[in-house]
Amino acid sequence: MYKILKTEGMAKRAEFTTVHGTVQTPLFMNVGTVGAIKGAVSTEDLENIKCQVELSNTYHLHVRTGDETIKKLGGLHKFMNWNKPILTDSGGFQVFSLASLRKIKEEGVYFNSHIDGHKIFMGPEESMRIQSNLGSTIAMAFDECPSSVADRSYVQKSVDRTTRWLERCKAENARLNSLEDTVNRDQMLFGINQGAIYPDIRIEHAKRISEFDLPGYAVGGLAVGETHEQMYDILDHVVPYLPKDKPTYLMGVGTPANILEGVERGIDFFDCVYPSRNGRHGHVYTNHGKLNLKNAKFELDSRPIEEGCGCPACRRYSRAYIRHLLKANEMLGMRLCVLHNLYFYNTMMEEIRDSLDNGVFASYKKQKLENMASGEE
């Protein structure tokens with residue numbers, strides 16, 4: 001299922017085999033919250049920009065369209081027309097980001113829909129059932145994501161409850177996978193490490209969830225307000241206590257620099273809304289830093305976003321034209337910027353894998369960071 005091909009320090013180069021195909025890690029998952037990447041990006045586009053895994057959101061698909069409807073249509077893969085792996089997050093982060101609307105109990109969380117305010121209950125079993133209906137390749141355990149600035153006693157209680165919830169998730173995932181009418185009877189469950197910025201709570205939790213012997217593990221509750229240095233420090237403490245022979249996923253992270261630092265610390269999977277969100281605002285990533293294509297200096301710039309880039313935007317269109325589209329509020333401008341950014345991220349992951357294959361990741365990382373900090377040529 002998970003085979004390490006090369007290591008360099010803590011960094012791992014591996015392949016992960018699933019019922020929906022084998023993926024090469026480290027990898028970046030392209031975020032399609034409601035079954036589509038924001039910015040008018042199709043699954044055909046995803047194939048063209050080197051996406052290996054698409055990520056969708058359990059909570060959002062549950063409240064709009066509905067997981068039971070998607071199950072009747074053959075599951076999320078068929079619904080989206082995407083035959084590679086899909087990871088669904090558990091809905092936990094969305095539930096807890098709706099802080100003013102929710103009430104946490106041992107059985108789960110009571111909250112109001114952000115769409116129409118109707119009351120919803122979600123606990124470990126409900127999250128597993130929704131994800132089973134979606135038929136994703138990888139389901140994430142239902143957890144609480146406490147604030148990074150929450151006090152220690154609250155974080156400890158929250159983490160203990162997350163562990164109890166994981167036990168219930170594992171049992172329900174196994175039960176659902178045994179049913180004849182389940183969309184994907186090979187659905188894998190990943191556990192999530194929590195503990196805010198308390199290294200000892202994080203380490204103890206990592207040890208406890210490792211005993212569940214799941215196919216993979218995530219580090220959650222980071223990139224939610226703490227500094228980059230605090231995030232890297234937590235990874236330095238925690239990753240060594242997660243199973244070496246399982247993939248490790250850093251949830252919701254992040255910038256190209258965050259990804260390079262995460263790989264160095266042993267992370268396999270990443271996801272983040274930055275490339276698509278920034279793209280929709282005309283902010284594009286290059287090997288010489290980030291550009292804001294709405295700036296006046298690009299009005300007569302006939303170059304592509306980045307020379308030598310093979311993305312659909314750079315192969316055909318100029319900075320000046322894309323700027324014009326953005327200023328005119330034409331959807332094509334946003335679409336081209338999102339395609340470029342996702343291509344940039346997926347290509348960077350390809351470069352990372354190549355550098356690990358060749359034993360030169362440390363020098364690659366140093367050069368990449370220097371180039372991105374240099375500003376436009």
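Remark: side-chain polar atoms of Ser210 are paired, donor with acceptor, to backbone N or O of Ala206 under 3.5 angstrom. Not one N or O on the side chain of Arg161 forms a donor-acceptor pair closer than 3.5 Å with the backbone of Glu106. Looking only at distances, no side-chain donor or acceptor of Thr347 sits under 3.5 Å from a matching main-chain atom of Phe344. Under the 3.5 Å distance criterion, the side-chain polar atoms of Ser374 are matched with a main-chain donor or acceptor of Asn371. For Ser90 (side chain) and Ser127 (main-chain N/O), no donor-acceptor pair under 3.5 Å exists by modelled atom type. With hydrogens and angles disregarded, no donor-acceptor distance shorter than 3.5 Å links the side chain of Asn358 to the backbone of Val360. Here the side chain of Arg335 pairs a donor or acceptor atom with the backbone of Ala40 at under 3.5 angstrom. Checked by atom type and distance alone, the side chain of Glu306 pairs as donor or acceptor with a backbone atom of Asn287 at under 3.5 Å. The backbone N or O of Thr227 lies less than 3.5 Å from a partner atom in the side chain of Gln230, making a donor-acceptor pair. A side-chain donor-acceptor contact under 3.5 Å links Asn346 to the backbone of Leu342.
Side-chain atoms of Arg353 and Pro26, non-hydrogen and from C-beta on, do get closer than 4.5 Å to each other. In this structure the side chain of His237 reaches within 4.5 angstrom of the side chain of Asp233, judged on heavy atoms. Side-chain contact between Thr65 and Phe79 is present, with at least one heavy-atom pair separated by less than 4.5 Å. Side chains of Lys6 and Glu8 form no contact here, defined as non-hydrogen atoms less than 4.5 Å apart. Put simply, the side chain of Glu172 does not reach to within 4.5 Å of the side chain of Glu126, judged on heavy atoms. Between Lys246 and Leu242, every side-chain heavy-atom pair lies at or beyond the 4.5 Å cut-off. You'll find the side chain of Leu214 reaches within 4.5 Å of the side chain of Leu166, heavy atoms only. Considering only heavy atoms from C-beta on, Leu291 comes within 4.5 Å of Arg319 through its side chain.
Tyr317 pairs by the ring pair (Phe, Tyr, Trp, His ring centres under 6.0 Å) definition with Tyr321, not counting sequence neighbours.
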*asked:* Set out, in order, the CA-CA distance, both residues' side-chain angles and the distance that settles salt bridge (Lys or Arg N to Asp or Glu O under 4.0 Å) for Asp181 and Lys71, then state yes or no.
replied: CA-CA 10 Å; Asp181 68 337; Lys71 182 181 181 181; 3.3 Å; yes
*Verify side chain to side chain contact (heavy atoms under 4.5 Å, CB included) between Met334 and Lys38, making sure each step is shown before the conclusion.*
CA-CA 9 Å; Met334 291 185 280; Lys38 286 187 191 299; over 6 Å; no
_Working for side chain to side chain contact (heavy atoms under 4.5 Å, CB included), residues Gln24 and Arg13_ = CA-CA 8 Å; Gln24 304 298 316; Arg13 164 77 178 93; 3.1 Å; yes
*asked:* For a salt bridge (Lys or Arg N to Asp or Glu O under 4.0 Å) check, start with the C-alpha distance between Lys207 and Glu211, then their side-chain angles and the critical distance, and finish with the verdict.
replied: CA-CA 7 Å; Lys207 290 178 183 173; Glu211 292 169 5; over 6 Å; no
*With side chain to side chain contact (heavy atoms under 4.5 Å, CB included) as the test, would you mind laying out the steps for Ile130 and Met122 before giving the verdict?*
CA-CA 10 Å; Ile130 296 166; Met122 194 185 292; 3.8 Å; yes
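No continuous path of ILVMFWY side-chain contacts below 4.5 Å connects Ile104 to Val149, so the two sit in separate hydrophobic clusters. Hydrophobic clustering (side-chain heavy atoms under 4.5 Å, transitive across Ile, Leu, Val, Met, Phe, Trp, Tyr) keeps Leu176 apart from Val183. Hydrophobic clustering (ILVMFWY, side-chain heavy atoms < 4.5 Å, transitive): Leu73 and Trp82 are in one cluster. Val238 and Met10 fall within a single hydrophobic cluster, where Ile, Leu, Val, Met, Phe, Trp and Tyr are joined by side-chain heavy atoms under 4.5 Å apart, directly or via other members. Phe212 and Ile201 are assigned to two separate hydrophobic clusters, defined by single-linkage of ILVMFWY side chains at heavy-atom distances under 4.5 Å.
Heavy atoms from other residues, nucleotides or ligands lying under 6.0 Å from NZ of Lys3 number 12 at most. More than 12 heavy atoms of other shown residues, nucleotides or ligands fall within 6.0 angstrom of atom NZ in Lys294. Surrounding CD of Glu44 are at most 12 heavy atoms belonging to other residues, nucleotides or ligands under 6.0 Å away. Within 6.0 Å of atom CZ in Arg64, 12 or fewer heavy atoms from other residues, nucleotides or ligands are found, so the atom counts as exposed in its surroundings. Dense packing is recorded around CD of Glu107, with more than 12 heavy atoms of other residues, nucleotides or ligands lying under 6.0 Å away. Atom CD of Glu351 has more than 12 heavy atoms from other residues, nucleotides or ligands within 6.0 Å. For Arg277, the CZ atom sits in a loose shell: 12 or fewer heavy atoms of surrounding residues, nucleotides or ligands are nearer than 6.0 Å. Other residues, nucleotides and ligands contribute over 12 non-hydrogen atoms within 6.0 Å of the NZ atom of Lys50.
Rounding to the nearest 0.5 angstrom, the gap separating the CG atom in Leu134 from the CD atom in Glu68 is 10.5 Å. One finds the CG atom of Asp89 at 8.0 Å from the OG1 atom of Thr33 (value rounded to the nearest 0.5 Å). In this structure, Asn173 CG and Gln187 CD are separated by 5.5 Å, a value rounded to the nearest 0.5 Å. Between the CD atom in Glu167 and the NZ atom in Lys170 there is a gap of 9.0 Å [rounded to 0.5 Å]. With values rounded to the nearest 0.5 angstrom, Gln131 atom CD is found 11.0 Å from Leu76 atom CG. Atom OG1 of Thr18 and atom CD1 of Ile86 lie 10.5 Å apart (nearest 0.5 Å).
Judged purely by distance below 3.5 Å, without hydrogens or angles, the side chains of Asp160 and Thr163 never pair a donor atom with an acceptor atom. A donor-acceptor pair shorter than 3.5 Å cannot be found between the side chains of Thr162 and Gln194. Side-chain contact check for Glu144 and Tyr154: at least one donor-acceptor pair (N or O, by modelled atom type) lies under 3.5 Å. Ser363 and Gln367 share no donor-acceptor pair across their side chains, judged by distance under 3.5 Å alone. Using a 3.5 Å distance cut-off with no hydrogens or angles, the side chains of Thr137 and His20 do pair a donor with an acceptor.
Paired with Tyr285 under the rule side-chain hydrogen bond (donor to acceptor under 3.5 Å, both in side chains), one option of Asn278, Asn341, Thr255 passes, and it is Asn278. Partner of Arg202 under the side-chain contact (heavy atoms from CB on, under 4.5 Å) criterion, chosen from Leu222, Val159, Leu235: Leu222.
Ion pairing between Lys84 and Glu54 fails under the 4.0 Å rule for side-chain N and carboxylate O. A salt bridge links Glu370 with Lys366: the distance from a Lys NZ or Arg NE/NH1/NH2 to an Asp or Glu carboxylate oxygen falls below 4.0 Å.
Ring pair Phe270/Phe28: centre-to-centre distance not below 6.0 Å.
Classification of the His228-Tyr232 ring pair by plane angle, with boundaries at 30° and 60°, yields parallel.
Under a 4.5 Å side-chain heavy-atom cut-off, the cluster of Ile, Leu, Val, Met, Phe, Trp and Tyr residues that includes Tyr249 is completed by Met1, Tyr2, Ile4, Phe16, Val23, Leu27, Met29, Val31, Val53, Leu55, Leu87, Ile138, Met140, Met188, Phe190, Ile192, Met251, Phe269, Val273.
Of all heavy-atom pairs spanning Gly225 and Ser148, the tightest one is C-OG, 4.0 Å.
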